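Order of listing sets the numbers, starting from 1, for every ligand and every atom in it. All values derive from a computational prediction rather than experimental measurement. In what follows, every heavy atom counts, from backbone to side chain, and hydrogens, waters and symmetry copies are set aside.
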Amino acid sequence: MKRRDFVKKGTLSSFATLIGADIIFGSNLPDGYIPLAIQEPDPFKMFNKHKDMIVLNDKPWNIEAQAHLLDDKITPNSCMFIRNNGLIPENIDAKKWTLTIDGESAKINKIYTLTELKTKFKQYTYQLTIECGGNGRSEFNPTAKGNQWTLGAVHCASWTGIRLRDVLKDVGIKNNAVYIGFHGVDLHLSQDPTKEPISRGFPMQKAFQDETLLAFKMNGEDIPLVHGYPLRLVAGGWPASVSGKWVNRISIRDQVHDGTKMTGDAYRIPCNPIAPGEKVKDEDMCIIESMPVKSLITYPKSGATIKEGRSLNIRGHAWAGELEVAKMEYSIDFGSTWKLCAIEKPLNRLAWQHFNALVSFPRKGYYEIWAKATDSNNKAQPMLLPGWNPKGYLNNACHRIAVKVN
Ligand SMILES: Nc1nc2c(c(=O)[nH]1)N[C@H]1C(S)=C(S)[C@@H](COP(=O)(O)O)O[C@H]1N2
Ligand SMILES: [Mo]
């Protein structure tokens, strides 16, 4: 095959992936022509996302939800945010997919096919809250670099897969194991195959939890490509960056995993609070583990109007990293007094919890409803922006919606 033909074949199949259909007479496409269907790519069509989702970046693709899009108890694919550090892999053949387990603390190196993983180990389904560590970053001042997520970088889908622990045990773990690190097949933005866009992980204790999955299904179907098809880690309650997509290798490490985005400012915060804009020494930065308590009002959409004398039913979800949400409150007077919401138990550990309340207003006018969750350690969401940090992580300030009573 001539190199030109080879290049063309490669791009044809990637065109086909984008369009979602084979390009039947593709080999006749004149040189330099690209299919009309993708000359103006519509991201919402490409990823099957709701049209109200907001594109923050297309190189790499980063798309967020809005609070009202997250109203479902179990987040559907159409409303799940997308966060990529590199390029979405193309031409994945699940039949040929393998997962390698290696690392200093693996007793042996072992390679599993996807079929082996699905048949050899027991399958479990959990609903798991996954929130990007940078969700809410856009509020920080001075501005923190990175995608300017507002509220929508969180989802709580239902994931089916096998327990990471079962696979690690099957391989054999040495006593000195400390951490696991994942590797995925997505390409670095520079397209340099020796670089990884991201390779993070978590301590053995998290790897051993019942709910830490190697998942191959999301909401009962194959995981959509952009969310990690055909195999991804799902570690609920921790920054979503540890839930590696397109995972083909997991290393059992005898030290804290030192892959891409495990060091420096990436997914690390000052171990102790600092002044906004202050520089922090590397040794004073700590890796983010469990995410802080947080909540979202998902109904009504901010800007709702109601008639005087009517009460308003509000609802939403609250979550608290590794903990449960113990109390949910709302305020209509900018946080000066609070009333209780009803809050449900989580479907399983690490799933978000649904709340609702019937809100009445004293008279006509403009109001804001603020929502505040408190975790089982009695730690509440801050009303205003929490501590500044260089990359703008962990903004769990109270969610506010605007309401007008006419
Ligand atoms: N292989 C791989 N895994 C990854 C990432 C990535 O870029 N590549 N991004 C991480 C980050 S930072 C987040 S927030 C979540 C986003 O998951 P989602 O796109 O399914 O919502 O995936 C994580 N896993
Ligand atoms: Mo993230």
Between the protein and ligand 1, are there any N or O atom pairs that come within less than 3.5 Å of each other, and if so, what are their names and distances?
unit_1   : atom_1 : unit_2 : atom_2 : d
ligand 1 : 1 (N)  : D186   : OD1    : 3.0
ligand 1 : 1 (N)  : D186   : OD2    : 3.3
ligand 1 : 1 (N)  : K245   : O      : 2.9
ligand 1 : 3 (N)  : K245   : N      : 2.9
ligand 1 : 7 (O)  : N85    : N      : 2.7
ligand 1 : 7 (O)  : N85    : ND2    : 2.9
ligand 1 : 8 (N)  : D186   : OD2    : 2.6
ligand 1 : 9 (N)  : N85    : ND2    : 3.1
ligand 1 : 17 (O) : R232   : NH2    : 3.4
ligand 1 : 19 (O) : R83    : N      : 3.0
ligand 1 : 19 (O) : K245   : NZ     : 2.5
ligand 1 : 20 (O) : H227   : ND1    : 2.7
ligand 1 : 20 (O) : R232   : NH1    : 2.7
ligand 1 : 21 (O) : F81    : O      : 2.7
ligand 1 : 21 (O) : H155   : NE2    : 2.8
ligand 1 : 24 (N) : S243   : O      : 3.0

>> Does K120 qualify as a cation-pi partner of Y112, given the criterion of NZ or CZ under 6.0 Å from the six-membered ring centre and within 45 degrees of its axis?
In response: no
> Can you tell me if R315 uses its side chain to pair, donor with acceptor, with the backbone of H354 under 3.5 Å?
Replying inline: no
>> Which residues pass the side-chain hydrogen bond (donor to acceptor under 3.5 Å, both in side chains) test with Y366, not counting sequence neighbours?
In response: E368
> Is the centre of the H183 ring less than 6.0 Å from the centre of the H257 ring?
Replying inline: yes
> Listed by chain and number, what are the side-chain hydrogen bond (donor to acceptor under 3.5 Å, both in side chains) partners of T160, not counting sequence neighbours?
Replying inline: T125
>> Applying disulfide bond (SG atoms under 2.5 Å apart) as the test, list every pair that has at least one member in residues 231-307; sequence neighbours left out.
In response: C271-C286
